[in-house]
Each structure stands twice: as C-alpha cells, then as structure tokens.
Amino acid sequence: MTNDISDSGERLRSASAIEELYTAQFDKLVAFVRSKYGDGPPLPEDVAQHAFTQLMERDTVDDISSLPGFLWRTAINFVIYQHRRQAVAVKRSSDVAEHYFPEGSNKDNPERVYLGKADINCVMRVISAMPSTRRRAFLLNRVDGMSQGQIASELGLSRPTVTKHIARAAADIEAALADEQ
C-alpha cells in the first residue's frame, strides 16, 4: 500500500485507492478477526466489510492518521458490540423463560403455554400500536440492547426524550398485560 492512501481523504475516494486499500487489508483483517474471535457470529468477512463500509461512509478521512488502524479498530469494536448485543439477547430470553417457566414448573402445561402466547400477542399488539419513534426506541433498547445514548444518536433525539419514550413504552405494555389478566 502506498502512502497516497493515508495522505489524503480525496485520494481515498478514487476507485484505485479504495481497491488498493481493500486488497492490502481485507484478507488480513478477516484472518485477524477469525483468529481472535473465531468463525462467528458475526462472520469475520462481515466484520471486515462493516469496517470498510464505516470508512467509506465518512465525509472525510483527513482526521484519520492510519486508515488500516481505523479499519482494525472499527472491526474490533463491531465484534465487541455484536457479542454484547448477543449476550443481552440471551439474558433477556432467559429472563422471559424464567418468568413463564420458573424452576421446577411444568413447562409443557397447556394452560401456561396458552397464557404465555396470549401475553406475547398482547405485547406485540401494544408495540405495533405505538408511535414509530417510541416503538423504535423501545425495540432498540430492549431487543437490540442499545444504550439510551446510542439510541439518542441513532434517532437524532435527546437522551431524556429517549428515556421518556422507553419508559412510556414499558408502561403501555405493563398496563395492557394487567388489563389482559
């Protein structure tokens, strides 16, 4: 790789500079991710592609001292984020399972299964009826495991507004479940 790639963001935008950076770094980045984090999920190839996408979506790269370093740090951060997200999803599904099927209960009890499905349907109806911003904030928080600060950035809202949306969504769901029972 020549120094032209890291010298100017303008030169990075040329097809040959992008191709040169991609050729020089993609396979190395995939091999690194695979050696450090395994075969996925997320897939090492997807992680490397994500890093390049993040680089290309920037308005300028003039503030980046090392483009390969940026790619590698972006890839590592993405894997860490995905692992945290997966851990949150596993924890939440475990919490839900424990709520509906406490230790020692009969998980195959037809009444319990019916009530669980009714609750899930109720929750889905309430979520579907929410205003789109409230729904997105709630799902990003509870399903995707994003923090309120991340959601605020994602949706272009203030953090207190995101907090209010999430709290209101949770209250709406709790009220609907209470009414169902």
Side-chain angles (χ1 to χ4, degrees), residues 29-30 33-34 36-59 70-181:
L29 189 53
V30 168
V33 171
R34 182 169 281 119
K36 186 158 173 103
Y37 300 105
D39 289 329
L43 296 173
E45 292 81 1
D46 291 346
V47 173
Q49 188 63 46
H50 173 79
F52 275 93
T53 300
Q54 293 298 305
L55 180 65
M56 295 310 303
E57 287 179 350
R58 293 177 59 91
D59 291 331
F70 175 89
L71 291 169
W72 288 55
R73 175 48 51 197
T74 301
I76 290 168
N77 288 347
F78 183 68
V79 172
I80 291 168
Y81 170 75
Q82 291 297 321
H83 285 187
R84 285 182 184 155
R85 184 176 170 191
Q86 184 177 5
V88 167
V90 167
K91 172 81 170 99
R92 291 195 196 285
S93 65
S94 174
D95 290 348
V96 168
E98 180 59 31
H99 173 75
Y100 286 108
F101 307 111
E103 187 86 18
S105 70
N106 182 357
K107 294 179 183 178
D108 296 329
N109 178 326
E111 181 182 9
R112 187 175 284 290
V113 171
Y114 174 78
L115 291 174
K117 286 182 181 180
D119 284 353
I120 290 170
N121 288 333
C122 176
V123 169
M124 295 304 292
R125 278 192 312 274
V126 172
I127 290 173
S128 295
M130 288 178 187
S132 63
T133 303
R134 184 181 306 158
R135 180 177 50 250
R136 286 191 65 210
F138 181 76
L139 293 174
L140 287 171
N141 180 255
R142 299 296 170 93
V143 175
D144 293 339
M146 290 176 68
S147 71
Q148 293 173 1
Q150 291 169 319
I151 296 167
S153 295
E154 176 83 16
L155 299 181
L157 302 171
S158 69
R159 190 164 185 218
T161 300
V162 169
T163 301
K164 288 176 186 174
H165 278 301
I166 293 169
R168 179 59 194 239
D172 290 348
I173 291 170
E174 287 178 31
L177 287 171
D179 288 347
E180 286 267 323
Q181 294 173 1

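Scope of the values below: all heavy atoms of this structure, side chains included, with no hydrogens, waters or symmetry mates. None of these values were measured; they are calculated from a predicted model.
- Taking CZ from F70 and CZ from R58, the interatomic distance works out to 5.0 Å, rounded to the nearest 0.5 Å.
- Enclosure of atom CZ in R125 by more than 12 non-hydrogen atoms of other residues, nucleotides or ligands within 6.0 angstrom is indicated.
- Between D144 and L139 there is no side-chain heavy-atom pair separated by less than 4.5 Å.
- At least one side-chain heavy atom of Y37 sits less than 4.5 Å from a side-chain heavy atom of I76.
- A donor-acceptor pair is defined here as one N or O able to donate and one able to accept, closer than 3.5 Å; no such pair exists between the side chain of Q82 and the backbone of V79.
- Closest of all the heavy-atom pairs between I151 and A137 is CD1-O, 3.6 Å.
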Compile the donor-acceptor pairs under 3.5 Å between side chains in residues 162-169 and protein atoms, sequence neighbours left out, one pair per line.
{"unit_1": "T163", "atom_1": "OG1", "unit_2": "Q148", "atom_2": "OE1", "d": "2.7"}
{"unit_1": "T163", "atom_1": "OG1", "unit_2": "R159", "atom_2": "O", "d": "3.0"}
{"unit_1": "R168", "atom_1": "NE", "unit_2": "D172", "atom_2": "OD1", "d": "2.9"}

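- D39 is not listed as a side-chain neighbour of L43, based on a closest heavy-atom distance of 4.5 Å or more.
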Point to revise | Steps toward side-chain contact (heavy atoms from CB on, under 4.5 Å) verdict (E154, R136) | key: CA-CA 10 Å; E154 176 83 16; R136 286 191 65 210; 4.2 Å; yes

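- Atoms OH and CE, from Y81 and M146 in turn, are 4.5 Å apart once rounded to the nearest 0.5 Å.
- Atoms CZ and NE2, on F78 and H83 in that order, are 10.0 Å from each other to the nearest 0.5 Å.
- N121 contributes a side-chain N or O that, together with a main-chain N or O of K117, makes up a donor-acceptor pair within less than 3.5 Å.
- Side chains of L155 and L140 form a contact here, defined as non-hydrogen atoms less than 4.5 Å apart.
- Within the model, atoms CD1 of I173 and SG of C122 stand 8.5 Å from one another, a figure rounded to the nearest 0.5 Å.
- When every heavy atom of G38 is checked against every heavy atom of P44, the shortest pair comes out as O-CG, 3.5 Å.
- Within the structure, side chain to side chain donor-acceptor pair (under 3.5 Å) pairs that include any residue of residues 44-53 comprise R34-E45 (at least two apart or interchain).
- Between the CG atom in D179 and the CD atom in E174 there is a gap of 12.0 Å [rounded to 0.5 Å].
- What you find for A51 and T74 is that their closest heavy atoms are CA-CG2, 3.8 Å.
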